[in-house]
Amino acid sequence: DAHERSFIMVKPDGVQRGLVGEIIKRFEQRGFKLVAMKMVTPQRALLEQHYEEHKGKKFFDPLLSYIGSGPVVAMVWEGLNVVSVGRKMLGATDPAKSEPGTIRGDYAIVTGRNIAHGSDSDKSAKREIDLWFRADELANWTNFSSKRRRV
Ligand code: DAT
Ligand code: MG
C-alpha cells in the first residue's frame with residue numbers, strides 16, 4: 001500500500017564517509033516520503049534487539065561493536081513497496097554481489113562495512129520502526145507534489 005514504511009539506517013561507515021546526503025537524496029528522488037529521521041549512537045540493548053535474528057552468529061559481536069560505535073542516521077521512509085524497492089536500492093548484503101547503481105554497489109566493498117541498513121519485510125519494518133522511534137517522532141504530513149492530479 002502507498003503508506004508502507006521501511007526503516008532505513010545510514011551505518012557509522014556511511015556517516016564517516018559523508019554519504020548521509022547521498023542516501024537521503026536517492027530515497028527522496030525515487031519519490032519516497034521521509035517521515036522520521038534522527039542521528040543517534042545506539043545502545044547495545046537496542047542493537048541486540050535490532051539484530052536478534054543474527055544472535056549466535058560469528059559476526060554478531062563485531063557487528064554490534066561496529067554499529068554501536070555510532071553515530072548512525074536512523075530514518076523512516078514511506079511509499080508504495082518501499083520495503084522491497086528500498087532493498088533493491090541498497091543492493092546485496094555483500095557489496096561484491098551488489099549491482100553498480102545500488103548504494104552498496106556504488107560505495108562499498110566488504111559486507112562488514114556496507115554503508116546502510118534497510119528492513120527486509122513489512123513485518124521487520126514495523127518491528128524496527130517501533131524499536132527505534134516513538135510514535136510522536138513520526139511526522140504526519142502530506143506530500144502534495146506526489147499527489148495524482150486531474151490534468
Ligand atoms: P542485510 O543488512 O542486507 O539485511 P543481514 O540481515 O543478513 O543483511 O545481516 C545484517 C548485517 O550483518 C549485514 O548488513 C552486515 C553484517 N553481516 C551479515 N553477514 C555477515 C558476514 N557473513 N560477515 C560479516 N558481517 C556480516
Ligand atoms: Mg537484515
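Whatever order the structure lists ligands and atoms in, that order sets their numbers, starting from 1.
- Residue contacts with ligand 1: Lys11 is placed with a nitrogen or oxygen under 3.5 Å of a nitrogen or oxygen of the ligand (distance criterion only).
- Between Asp130 and Arg127 there is no salt bridge, since none of the side-chain N atoms of the basic residue sits less than 4.0 Å from a carboxylate O of the acidic one.
- Under 4.0 angstrom from ligand 1, there are no non-hydrogen atoms of Lys57.
- Residues Asp136 and Arg134 are paired through a salt bridge, judged by an N-O separation under 4.0 Å between the basic side chain and the carboxylate.
- If you check which protein heavy atom lies closest to atom 2 (O) of ligand 1, you get Arg104 NH2, 3.2 Å.
- If you check which protein heavy atom lies closest to atom 5 (P) of ligand 1, you get His54 NE2, 3.4 Å.
- Looking at His50 against ligand 1, nothing comes within 4.0 Å, counting heavy atoms.
- Heavy atoms of Met9 found under 4.0 angstrom from ligand 1: none, in either backbone or side chain.
- Side chain of Trp132 to backbone of Val76: no donor-acceptor contact under 3.5 angstrom is found.
- Once rounded to the nearest 0.5 Å, the distance linking CZ of Arg44 with CD1 of Ile67 reads 12.5 Å.
- Side-chain contact check for Asn114 and Tyr107: no donor-acceptor pair (N or O, by modelled atom type) lies under 3.5 Å.
- Among protein heavy atoms, atom 21 (C) of ligand 1 sits closest to Phe59 CD2, 3.5 Å.
- The pair Arg26-Asp106 meets the salt-bridge criterion, since a charged nitrogen lies less than 4.0 angstrom from a carboxylate oxygen.
- Under the 30°/60° scheme for interplanar angles, the aromatic rings of His117 and Phe7 are found to be tilted.
- Contact atoms of ligand 1 toward Tyr51: 10 (C) (distance under 4.0 Å to a heavy atom of the residue).
- For Thr111, heavy-atom contacts with ligand 1 shorter than 4.0 Å involve the backbone as well as the side chain.
- Ligand-side atoms of ligand 1 in range of Asn114: 13 (C), 14 (O), 15 (C), range being under 4.0 angstrom from any heavy atom.
- Per-residue contacts place Thr93 under 4.0 angstrom from the following atoms of ligand 1 (heavy atoms of the residue considered): 1 (P), 3 (O), 8 (O), 13 (C).
- Between the CZ atom in Phe133 and the CE atom in Met75 there is a gap of 8.5 Å [rounded to 0.5 Å].
- Heavy-atom proximity to Arg87, at under 4.0 Å, picks out these atoms of ligand 1: 1 (P), 3 (O), 4 (O).
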